[in-house]
Amino acid sequence: ITPTIDNKMLRRASPLIFKIIQTDTGFEGFILVFKPNKNHNFKFLPDTARISLKNVNLKKPNWDILNDFIQSLESSNLIVKIYP
């Protein structure tokens with residue numbers, strides 16, 4: 001997926017990072033999510049950016065996708081603790 005502004009290709013970090021850690025008793029997962037809160041109101045992409053996949057324009061994602069994902073993990077009791 002390639003974000004662009006005025007036909008210039010952009011790079012950006014993912015707002016979602018997974019880390020799987022092996023322990024003596026199995027595996028633990030660590031999820032880091034970068035999203036707006038009361039102190040930081042940043043945007044998923046700049047307003048003028050477009051995203052495309054294989055030259056097909058895609059709808060801009062929004063934070064609801066990440067919120068729904070985290071909520072599904074919580075409702076399945078797969079998250080032990082959330083830090084703000």
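What's counted below: heavy atoms across the whole structure, side chains too, no hydrogens, waters or symmetry copies.
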J.: Is there a chain of hydrophobic side chains (I, L, V, M, F, W, Y, each step under 4.5 Å between heavy atoms) that links Leu73 to Ile17?
T.: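 The answer is yes; both residues are in one hydrophobic cluster.
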
J.: If you link ILVMFWY side chains whenever their heavy atoms are less than 4.5 Å apart, which other residues fall into the same cluster as Val56? By chain and number, please.
T.: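 Grouped by the 4.5 Å side-chain rule, Val56 forms a cluster of one, so the answer is none.
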
J.: Could you check whether any side-chain heavy atom of Leu66 comes within less than 4.5 Å of a side-chain heavy atom of Leu16, counting everything from C-beta outward?
T.: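 Of all side-chain heavy-atom pairs linking Leu16 with Leu66, at least one is under 4.5 Å.
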
J.: Under 4.5 Å between side-chain heavy atoms, counting indirect links through other Ile/Leu/Val/Met/Phe/Trp/Tyr residues: same cluster for Ile51 and Ile65 or not?
T.: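 They do not share one cluster, since no chain of ILVMFWY contacts under 4.5 Å joins Ile51 to Ile65.
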
J.: With sequence neighbours left out, which residue pairs that include part of residues 65-77 fulfil the side chain to side chain donor-acceptor pair (under 3.5 Å) condition?
T.: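 Every side chain to side chain donor-acceptor pair (under 3.5 Å) pair that includes a residue of residues 65-77, provided the two are not neighbours, is Lys35-Asn67.
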
J.: Quick one: name the residues clustered hydrophobically with Ile20, using the 4.5 Å side-chain heavy-atom rule over I, L, V, M, F, W, Y, and just say none if it's on its own.
T.: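 Besides Ile20, the cluster holds Phe27.
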
J.: Give every residue pair that meets the side chain to side chain donor-acceptor pair (under 3.5 Å) criterion with at least one member in residues 17-32, sequence neighbours excluded.
T.: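 Pairs touching residues 17-32 that pass the test: Thr23-Thr25.
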
J.: Suppose we screen for salt bridge (Lys or Arg N to Asp or Glu O under 4.0 Å). Which residues come up paired with Asp6, at least two apart in sequence or across chains?
T.: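 Asp6 satisfies salt bridge (Lys or Arg N to Asp or Glu O under 4.0 Å) with no residue once adjacent residues are dropped.
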
J.: Verify the cluster assignment for Ile21 and Leu32: are they in a single hydrophobic cluster under the rule of side-chain heavy atoms below 4.5 Å apart?
T.: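 No, Ile21 does not connect to Leu32 through the hydrophobic network.
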
J.: Test of understanding: with side-chain hydrogen bond (donor to acceptor under 3.5 Å, both in side chains), list the residues that count as partners of Asp47, not counting sequence neighbours.
T.: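 Asp47: side-chain hydrogen bond (donor to acceptor under 3.5 Å, both in side chains) contacts with Lys43.
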
J.: Apply side-chain contact (heavy atoms from CB on, under 4.5 Å) to Ile70 and Ile79, showing your working.
T.: CA-CA 8 Å; Ile70 298 301; Ile79 291 181; 4.0 Å; yes

J.: Picking from Asn7, Ile5, Leu58, what satisfies side chain to side chain contact (heavy atoms under 4.5 Å, CB included) with Arg50?
T.: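 Output: one option passes, namely Asn7.
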
